[in-house]
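Count residues from 1 along the sequence. Reckoned from all heavy atoms, side chains included, excluding hydrogens, waters and symmetry mates.
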Amino acid sequence: MDDQALIQIPGFNISLEDRSVKVEGLPRQVYIEVTNICNSLCVSCPLTFDHFLPIEPKHHLDWKEFRRIVDQLPQIDRAVLHGIGEPLLNQELPRFVAHLVERGAQVLFNTNGILLDQKRGDALVAAGLTELRVSMDAVTPDLYAHLRGVDALDRIIKNLKAFVTRHGGREHSRVSLWLVGMQANLHQLPDFIRLGAEIGVPEVYLQRVVFLGGGERIGEHATMVPEQSLYSTLEQEQEALIVECEQLADELGMIFHASGATTPHESVVAKSQSPWQGCLRPWVLIYITANGNALPCCIAPFAEANYPNILLGNVREQSLQDVWNGPRYQELRSAVLSDNPAPWPCQNCGVKWSL
């Protein structure tokens with residue numbers, strides 16, 4: 001394969017073999033972080049520990065900045081409007097959604113649901129939102145408060161029930177529930193699925209906490225540490241629980257998946273010797289933060305303590321095209337195709353979290 005040759009990517013499909021460090025045309029999938037401010041203090045999020053992982057200045061993306069990004073993309077098939085932060089804090093969010101939908105994109109984002117009141121929910125549905133992902137992580141108030149840093153579970157469930165009652169949640173603006181799987185909460189997964197069925201949510205997803213091997217602790221709180229994480233070999237107890245949940249979801253007529261287009265079972269076991277080579281993200285999508293920085297993917301901010309190491313360019317300072325095929329993106333693609341992608345965080349992807 002000629003590393004300098006250009007390859008074409010129609011839509012999202014590209015073979016594993018037909019990849020190069022340069023890509024002809026711009027991506028048709030985009031992740032846009034509409035804010036990096038949050039109203040929770042999750043133990044699984046680096047934003048909670050900004051002194052440990054200094055990220056970026058706090059910022060809500062405005063309309064002009066949003067248009068500068070999306071107007072450079074000739075075609076957008078899928079837009080994900082979240083990153084590190086709570087999207088519902090950005091009052092321009094329904095306007096962003098409506099513009100992308102008008103351009104023919106599927107639009108979704110992940111929220112903690114705390115601000116999902118009738119006004120916001122109805123505005124998002126009217127804008128044409130494709131999917132609303134709600135991340136909860138627990139079904140009991142005490143555990144939720146411990147993992148999320150705020151006592152808000154009852155409010156979220158009330159908001160979600162009201163949203164589903166008004167809008168259905170199964171087709172247009174469909175709703176899914178997400179659980180960041182940790183040792184502290186995995187035992188609640190069956191009740192998490194039951195709660196989804198009770199509310200009328202058709203899909204539940206399991207996503208593992210990212211494990212760096214070190215982590216950070218502040219008092220009783222800790223993030224990305226071994227005792228929270230599910231990684232490497234799937235223990236017998238965890239395997240039995242996941243099988244139980246797969247059967248339960250089937251009985252309730254629900255979809256139960258893991259993040260990264262894989263099964264819950266596959267998401268918590270070690271993969272091949274070089275699992276990062278299966279990742280297509282550097283060829284098919286671009287992730288842009290609220291301050292205009294391009295990052296390898298949505299996992300990267302959680303997976304690298306030295307934030308400058310994962311910066312691929314800034315779309316405020318350069319054109320998106322120059323970033324997309326710039327030297328840093330070429331380095332990333334070359335690393336993913338190699339047998340050792342260090343120092344990129346890709347080296348543990350698929351082993352300590354799922355692709």
Query - Shortest non-hydrogen contact between Phe109 and Leu81, atoms and distance - result: CB-O, 3.5 Å
**Report entry** Between CZ on residue Arg194 and CD on residue Gln188, distance to nearest 0.5 Å
**Finding:** 11.5 Å
Query raised in the report: Hey, quick one: are Val175 and Ile255 part of the same hydrophobic cluster, counting side-chain heavy atoms closer than 4.5 Å, chains of contacts allowed?
Result: no
**Report entry** Taking every non-hydrogen atom, the tightest pair across Ile32 and Leu61
**Finding:** CG2-CD2, 3.5 Å
Query - Side chain proximity check, Arg148 to Met136, heavy atoms < 4.5 angstrom - result: no
Requested in this report: Check whether any side-chain heavy atom of Phe163 lies under 4.5 Å from a side-chain heavy atom of Asn159, and answer yes or no.
Outcome: no
Query - 4.5 Å side-chain heavy-atom contact, Met254 and Pro202 - result: no
Query raised in the report: Between Trp344 and Ala335, what is the shortest heavy-atom contact and its length?
Result: CD1-CB, 3.4 Å
Report task. State, yes or no, whether a side-chain contact exists between Arg281 and Tyr287 at a heavy-atom distance under 4.5 Å. Result -> no
Query raised in the report: How many angstroms lie between CG in Leu132 and NE2 in His167, if you round to the nearest 0.5 Å?
Result: 10.0 Å
Requested in this report: Could you check if a side-chain atom of Val315 sits within less than 4.5 angstrom of a side-chain atom of Arg68, using non-hydrogen atoms only?
Outcome: no
Query - Asn90 side-chain N/O to Val34 backbone N/O, donor-acceptor pair under 3.5 Å - result: yes
Query raised in the report: Got more than 12 heavy atoms from elsewhere within 6.0 Å of CD, Glu331?
Result: yes
Report summary line: Contacts of Glu203 meeting side chain to side chain donor-acceptor pair (under 3.5 Å) (sequence neighbours excluded), chain-then-number -> Arg174, Tyr205
Query raised in the report: How about Leu280 and Arg19: do any of their side-chain heavy atoms sit closer than 4.5 Å?
Result: yes
Query raised in the report: Are side-chain N/O atoms of Ser40 and Glu86 paired as donor and acceptor at under 3.5 Å?
Result: no
Query raised in the report: Minimum heavy-atom separation for Arg166 to Gln118, with atom names?
Result: NH2-CA, 3.3 Å
**Report entry** Expected output: side-chain Trp276 to main-chain Asn340 donor-acceptor under 3.5 Å
**Finding:** no
Query raised in the report: Relative to Trp324, does Arg333 satisfy both conditions: NZ or CZ under 6.0 angstrom from the six-membered ring centre, and within 45 degrees of the ring's axis?
Result: yes
Query - Residue pair Gln72 / Ser319, side-chain donor-acceptor N/O under 3.5 Å - result: no
**Report entry** Heavy-atom check, side chain of Val336 versus side chain of Leu332, under 4.5 Å
**Finding:** yes
Report summary line: Ser135 and Val180 have their tightest heavy-atom pair at OG-CG2, 4.3 Å
**Report entry** Closest heavy-atom pair and its distance - Leu153, Pro141
**Finding:** CD2-N, 3.6 Å
Query raised in the report: Just how far is it from atom CG of Leu248 to atom CD1 of Ile193, taken to the nearest 0.5 Å?
Result: 5.0 Å
Report task. Describe, in one word, how the ring planes of Phe66 and His99 are oriented to each other, choosing from parallel (under 30°), tilted (30 to 60°) and perpendicular (over 60°). Result -> perpendicular
Query - Nearest-0.5 Å distance that lies between atom OH in Tyr144 and atom CZ in Arg155 - result: 10.5 Å
Query raised in the report: Just by modelled atom types, is the Gln29 backbone N or O under 3.5 Å from a matching donor or acceptor in the Asp77 side chain?
Result: no
Query raised in the report: Between atom CD1 of Ile76 and atom CG of Leu285, what is the distance when rounded to the nearest 0.5 Å?
Result: 12.5 Å
Query - Flag for Asp339-Gln277: side-chain donor and acceptor within less than 3.5 Å - result: yes
Query raised in the report: Just wondering, do Leu179 and Val204 contact through their side chains at under 4.5 Å, heavy atoms?
Result: no
**Report entry** Short side-chain to backbone donor-acceptor contact, Asn185 and Leu143, under 3.5 Å
**Finding:** no
Query raised in the report: Can you tell me how far CD1 of Ile288 sits from CG of Leu312, rounded to the nearest 0.5 angstrom?
Result: 10.5 Å
